[in-house]
A.B. asks: 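Below you will find the structure I want to go over with you.
Note on naming: letters A, B, ... go to the chains in the order of the sequence lines (proteins, then strands), and numbering restarts at 1 for each one.
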Number of protein chains: 2
Amino acid sequence: MAPARRIPEATVARLPVYLRVLAEEAAAGVITISSERLAELAGVNAAKVRKDLSHLGSYGTRGVGYTVDYLAYQMSRELGLTEARPVVIVGAGNLGQALANYGGFSSRGFPVLAMVDSDPDKVGRVIGGVPVRHPDDLPDLVADSPNTIGVVATPAAVAQSVADRLVDAGVRSILNFAPVVLAVPDGVLVRKVDLATELQILSFYQQRTPAGRRRSRARAGVA
Amino acid sequence: MAPARRIPEATVARLPVYLRVLAEEAAAGVITISSERLAELAGVNAAKVRKDLSHLGSYGTRGVGYTVDYLAYQMSRELGLTEARPVVIVGAGNLGQALANYGGFSSRGFPVLAMVDSDPDKVGRVIGGVPVRHPDDLPDLVADSPNTIGVVATPAAVAQSVADRLVDAGVRSILNFAPVVLAVPDGVLVRKVDLATELQILSFYQQRTPAGRRRSRARAGVA
DNA sequence: GGTTGTGAACAAATTCACAGCG
DNA sequence: CGCTGTGAATTTGTTCACAACC
């Protein structure tokens, strides 16, 4: 009986993956799932799944597994997903538009309220179903929902000033796609997604793997 | 004198960040940089920087710091960035187009060769300066450069079959934006970027921070 | 029998603190 | 004196292996 306080960072980072798998299984009519199977679908090993889940509480049944719906519910609750978190995307360029159009946000509880851009040609238009607003409207947009998440999808040069405006408007969570380290006050959370960084990491690891024999068609996967 | 073999994963993940900082400093005319300063700009602490760099070798000078150009060169070499890695983006939807247009790839040594899409309305066109090719062309596209990186920017439903085709064509590094765990043979590397996952992680941590007093304008940053 | 939940063993990563060198 | 490079200490994360339980 681990009553579950202080969930390790590494575990938190995996919960969304488990949650997605559980949603898929639930949709497929699966009622219970073992740590073994969940591990396979999530691409990790079973011991890790059990340890991770034990941090949430004792939601499994020995000899049986976990009830998919129930586990998913507990996980959503723990992640704070019981109510929707609105998203405002700053930067209505290619990336901003792609994110706005990307169905994965709204469908997973993150409705895209608006895009924000200073280009007068864009302000007032609706792109991909999302209205484009002027940066001055940020405080109004955020005022209603204090737990709005701000997404920075601008060029690096303006990312810091955009972040400042988001913070001033009351945003306390920021997802940053610009390749800069944002400075924000205490209490504001930033996560960064850097596309070129990901490629560089791939680049490092690929050079070690000698070039390999020609393609074996094995489904290795969960390595 | 750490002659540098087996660089820890956590270190590899930070090298691209250091490298970007070094490039910016070099562009600004800075000649040498201390671990303290590099740490500040990269958003980590100085001990970590020194430990990370020590895995590459002893490239610093005590009492002085690191020569920016030299360190950047050694780092690029270690990351395997001395020659360009071509990128093929599969999926010419919003995300694919955004990635194709995103300058950050080409400018950092990852030229975008082509997008691939099965939509006949798109094949043959040039979008954002990048030609759209038919999936059947994949083997030809990749044949020339065996170290091509494949980017999966398709809906989840087809991501696995796309990955299969990439692997069959000879691709050994894949960056996956689809919210699925890809199964690939040994020797093929996959990294995943899941946008909704990032939002969910933000969601978890934000709910703990009680809502906070009204905005203090402190530049906390590097926390 | 089958599967969870968890202590204990192990491994990786971070941080400290300082000797060593320029 | 200043700053790097690194052993040692600490913390965090992973894996093992098995008792507890259905």
A.B. asks: side-chain contact (heavy atoms from CB on, under 4.5 Å) with B:A84: which residues, sequence neighbours excluded?
C.D. replies: B:P111
A.B. asks: Using distance only, find each side-chain donor-acceptor pair of residues 143-158 of chain A under 3.5 Å and give its atom names and separation, not counting sequence neighbours.
C.D. replies:
unit_1, atom_1, unit_2, atom_2, d
A:S145, OG, A:T148, OG1, 3.3
A:T148, OG1, A:S145, O, 2.7

A.B. asks: Among all residues two or more places apart in sequence or in another chain, which pass the side-chain contact (heavy atoms from CB on, under 4.5 Å) test with A:S107?
C.D. replies: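 A:S107 satisfies side-chain contact (heavy atoms from CB on, under 4.5 Å) with no other residue.
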A.B. asks: I want to verify a distance call: between C:dC16, D:dT4, D:dT15, whose nearest atom is closest to the A:K51 side chain?
C.D. replies: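 The answer is D:dT15, which lies nearest to the side chain.
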A.B. asks: Checking all strands, does B:E9 fall into the base, sugar-phosphate, or nothing category for heavy-atom contacts under 4.0 angstrom?
C.D. replies: sugar-phosphate
A.B. asks: Please tell me if A:K48 has a side-chain N or O lying less than 4.0 Å from either OP1 or OP2 of D:dT15.
C.D. replies: yes
A.B. asks: For A:S76 and A:A72, indicate whether the former's side chain and the latter's backbone hold a donor-acceptor pair under 3.5 Å.
C.D. replies: yes
A.B. asks: In chain order, what residues pass the side chain to side chain donor-acceptor pair (under 3.5 Å) check against A:R165, with sequence neighbours excluded?
C.D. replies: A:D136
A.B. asks: Does B:R191 have any salt bridge (charged side-chain N to carboxylate O under 4.0 Å, His left out) partners at least two apart in sequence or in another chain, and if so, which?
C.D. replies: A:E198
A.B. asks: Just to verify, what does B:Y73 make a side chain to side chain donor-acceptor pair (under 3.5 Å) with, not counting sequence neighbours?
C.D. replies: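 Partners of B:Y73 by the side chain to side chain donor-acceptor pair (under 3.5 Å) criterion come out as none, since no residue qualifies.
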A.B. asks: Taking CD1 from B:I7 and C1' from C:dA13, how many angstroms apart are they, rounded to a whole number?
C.D. replies: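 It is 15 Å, rounded to the nearest whole Å.
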A.B. asks: Check whether any side-chain N or O of B:Q160 sits under 3.5 Å from a backbone N or O of B:A183 as a donor-acceptor pair, and report yes or no.
C.D. replies: yes
A.B. asks: Please tabulate, for side-chain N and O atoms in residues 11-24 of chain A, each donor-acceptor pair with protein atoms closer than 3.5 Å (sequence neighbours left out).
C.D. replies:
unit_1, atom_1, unit_2, atom_2, d
A:T11, OG1, A:D52, OD1, 2.7
A:R14, NE, A:D52, OD2, 2.7
A:R14, NH2, A:D52, OD1, 3.0
A:R14, NH2, A:D52, OD2, 3.4
A:Y18, OH, A:D52, OD2, 2.6
A:R20, NE, B:P179, O, 3.2
A:R20, NH1, B:P179, O, 3.0

A.B. asks: Of the options C:dG5, D:dG5, D:dT4, whose atoms approach the side-chain atoms of B:S35 most closely?
C.D. replies: D:dT4
A.B. asks: Have a look at B:R14 and say if it touches a base, only the backbone sugar-phosphate, or nothing, with a 4.0 Å heavy-atom cut-off.
C.D. replies: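 Since only primed, P, OP1 and OP2 atoms lie under 4.0 Å of B:R14, the category is sugar-phosphate.
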A.B. asks: Need the bend value for the helix from C:dG1-D:dC22 to C:dG22-D:dC1: angle between end axes, 5 pairs each end, nearest 10°.
C.D. replies: 10°
A.B. asks: Could you name each residue pair satisfying salt bridge (charged side-chain N to carboxylate O under 4.0 Å, His left out) that touches residues 97-109 of chain B, not counting sequence neighbours?
C.D. replies: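 Of all non-adjacent pairs touching residues 97-109 of chain B, those that pass salt bridge (charged side-chain N to carboxylate O under 4.0 Å, His left out) are A:D194-B:R108.
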A.B. asks: Who passes side-chain contact (heavy atoms from CB on, under 4.5 Å) against A:R62, sequence neighbours left out?
C.D. replies: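 With sequence neighbours excluded, A:R62 shows a side-chain contact (heavy atoms from CB on, under 4.5 Å) to no residue whatsoever.
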A.B. asks: Does B:N45 have a side-chain nitrogen or oxygen under 4.0 Å from the phosphate oxygens OP1 or OP2 of C:dT15?
C.D. replies: yes
A.B. asks: For A:L38 and C:dT4, what is the distance between atoms CG and C1' respectively, to the nearest whole Å?
C.D. replies: 13 Å
A.B. asks: Looking only at the side chain of B:S34 (C-beta and beyond, no hydrogens), which of the listed nucleotides C:dT4, C:dG5, D:dT4 gets closest?
C.D. replies: D:dT4
A.B. asks: By a strict heavy-atom criterion of less than 4.0 Å, which residues belonging to residues 60-75 of chain A are in contact with DNA chain C?
C.D. replies: A:G60, A:T61, A:R62, A:G63, A:V64, A:G65, A:Y66
A.B. asks: Name every residue in residues 20-33 of chain A that has at least one heavy atom under 4.0 Å from any atom of DNA chain C, in order of residue number, or write none if there are no such residues.
C.D. replies: none
